[in-house]
2 protein chains.
Amino acid sequence: MGSLQAVNEPTVLTPYRDEHLTLDFNRQHVTLDTDRLTLTRKEYELLALLVEHAGEIIPRETLLMRVWGYGGDIRTRTLDVHIRRLRKKLGGYADQYIETIFGIGYRFQPWRAPRFLPTQTSRPAMAWGA
Amino acid sequence: MGSLQAVNEPTVLTPYRDEHLTLDFNRQHVTLDTDRLTLTRKEYELLALLVEHAGEIIPRETLLMRVWGYGGDIRTRTLDVHIRRLRKKLGGYADQYIETIFGIGYRFQPWRAPRFLPTQTSRPAMAWGA
DNA sequence: GCCGGGTTGTAAAAAAGATGTAAAAACGCC
DNA sequence: GGCGTTTTTACATCTTTTTTACAACCCGGC
């Protein structure tokens with residue numbers, strides 16, 4: 001018997017890559033710094049969808065539709081729980097990468113060198129007040 | 001159509017060989033350390049397919065297709081049972097060699113010196129939680 | 001500023017789903 | 001029929017996903 005048919009699809013999508021994170025859409029491989037992140041199916045699909053649209057806000061409704069196939073207005077917290085697990089696995093970069101857009105959904109942001117300091121969401125606050 | 005190659009060429013496949021295991025595709029001969037492994041036909045075909053694609057994840061569906069000719073979504077546990085018998089015959093190396101990819105399939109990994117840590121079976125847990 | 005209703009975060013439990021395993025049944029060949 | 005092999009069955013175990021319950025948070029109105 002000659003060589004077997006390709007066991008894996010020969011799809012060719014350009015991987016995502018930044019300072020700390022890489023995501024290979026073809027092999028469904030994710031790495032954070034040096035480690036390979038082992039994500040479950042849903043975790044991966046969720047992250048992949050977000051990363052694929054890096055910089056864009058994706059509504060909860062859309063995420064629930066694309067990842068879970070949920071249509072209409074289904075009341076579930078599973079999206080939040082999965083986001084949480086992703087954040088956990090993204091470790092300290094979590095807040096940099098996955099942003100919550102209140103009342104709408106989430107947004108993945110490519111890595112950028114840390115700002116002057118705080119992760120100013122919109123809170124100049126009294127960081128150096130006093 | 002393509003070139004006029006012999007349809008059934010007596011392909012000479014290069015055997016697989018690592019520290020403990022050898023598999024001669026031509027003679028269908030398998031050895032583990034010093035002993036010869038006597039595998040049944042299905043056991044051999046399954047192992048050969050996995051070894052041939054060492055390092056790659058092969059989906060259950062593909063294994064069922066190529067070894068059993070099962071198409072579509074047939075519900076059977078025979079694959080699991082054969083994997084189990086293979087593992088049994090691979091003795092203590094079983095877990096090193098045949099890896100379960102939850103929800104997808106299996107993967108044969110060539111023998112390698114133990115990692116700095118085990119190949120996280122599937123419990124990344126909160127390694128970076130905190 | 002404070003309140004209040006809706007939204008998101010979180011931990012834990014429950015449910016769903018997949019694989020591991022032993023044993024019995026079915027198969028195929030002599 | 002006997003025997004080795006393969007498949008099914010039934011259940012155990014493990015992983016993943018979803019739900020639950022409540023805490024924390026956001027934001028507009030007062």
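A note on names: the letters A, B, ... follow the listed sequences, proteins ahead of strands, and every chain is numbered from 1. Note that this is a predicted model, so its numbers are computed, not measured.
- When the side-chain nitrogen and oxygen atoms of Thr100(A) are compared with OP1 and OP2 of dT7(C), none of them lie within a distance under 4.0 Å.
- The ring of Tyr16(A) has its center closer than 6.0 angstrom to the ring center of Phe108(A).
- Look at Glu56(B) and Arg107(B) and you find no salt bridge, because none of the NZ, NE, NH1 or NH2 atoms lies under 4.0 Å from a carboxylate O.
- Atom-to-atom distance recorded for His82(B):NE2 and Glu43(B):CD is 6.0 Å, nearest 0.5 angstrom.
- Atom CH2 of Trp111(A) and atom CG of Asp18(A) lie 8.5 Å apart (nearest 0.5 Å).
- Contacts with DNA chain D (heavy atom under 4.0 Å) in residues 68-78 of chain B: Trp68(B), Thr76(B), Arg77(B), Thr78(B), listed by number.
- For Asp80(A) and dT18(D), the CG to C1' distance is 12 Å, given to the nearest whole Å.
- For the pair Arg87(A) CZ and dA24(D) P, the computed distance is 17 Å after rounding to whole Å.
- In this structure, CD1 of Ile98(A) is placed 15 Å from P of dT8(C), rounded to the nearest angstrom.
- A distance of 7.5 Å separates CG in Leu90(A) from OH in Tyr97(A), rounded to the nearest 0.5 Å.
- Rounded to the nearest 0.5 Å, atoms CG (Leu39(A)) and NE2 (His29(A)) are 10.5 Å apart.
- One can place NE2 of His82(A) at 15 Å from P of dT10(C), the figure rounded to the nearest angstrom.
- Residues Arg60(A) and Asp80(A) are paired through a salt bridge, judged by an N-O separation under 4.0 Å between the basic side chain and the carboxylate.
- Checking Val81(A) against Thr40(B), the closest nucleotide of DNA chain D that is more toward the 5' end is the one next to Thr40(B).
- Between the CG atom of Leu50(A) and the CD1 atom of Ile83(A) there is a distance of 5.5 Å, given to the nearest 0.5 Å.
- Nucleotide dT6(D) holds its C1' atom 17 Å from the CG atom of Leu47(B), rounded to whole Å.
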Along nucleotides 24-30 of chain C, 5' to 3', which nucleotides get a B, which get an S, and which get a -, given that the test is a protein heavy-atom distance under 4.0 Å? -------

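- Between the side chains of Tyr93(A) and Asp33(A), at least one donor N or O lies within less than 3.5 Å of an accepting N or O.
- In this structure, the CZ atom of Arg60(B) is 9 Å from the P atom of dA18(C), given to the nearest Å.
- In this model, the phosphate group of dG20(C) is approached by a side-chain N or O of Tyr106(B) to a distance below 4.0 Å at OP1 or OP2.
- Between Arg107(A) atom CZ and dT8(C) atom P there is a gap of 15 Å when expressed in whole angstrom units.
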Enumerate the protein-to-nucleotides 1-6 of chain C contacts in which both atoms are nitrogen or oxygen and the separation is below 3.5 Å.
none

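- One can place CG of Leu90(A) at 14 Å from P of dG9(C), the figure rounded to the nearest angstrom.
- The other residues sharing a hydrophobic cluster with Ile57(A) are Ile101(A), Ile104(A), where clustering joins ILVMFWY side chains under 4.5 Å apart.
- Applying the under-4.5 Å side-chain rule to Ile, Leu, Val, Met, Phe, Trp and Tyr, the cluster around Val81(A) consists of that residue alone.
- Apart from Phe102(A) itself, the hydrophobic cluster it occupies contains nothing, where clustering links Ile, Leu, Val, Met, Phe, Trp and Tyr at side-chain heavy-atom distances under 4.5 Å.
- Heavy-atom distances to DNA chain C give each of Ile104(B) and Lys88(B) a nearest nucleotide, and the one nearer the 5′ end belongs to Ile104(B).
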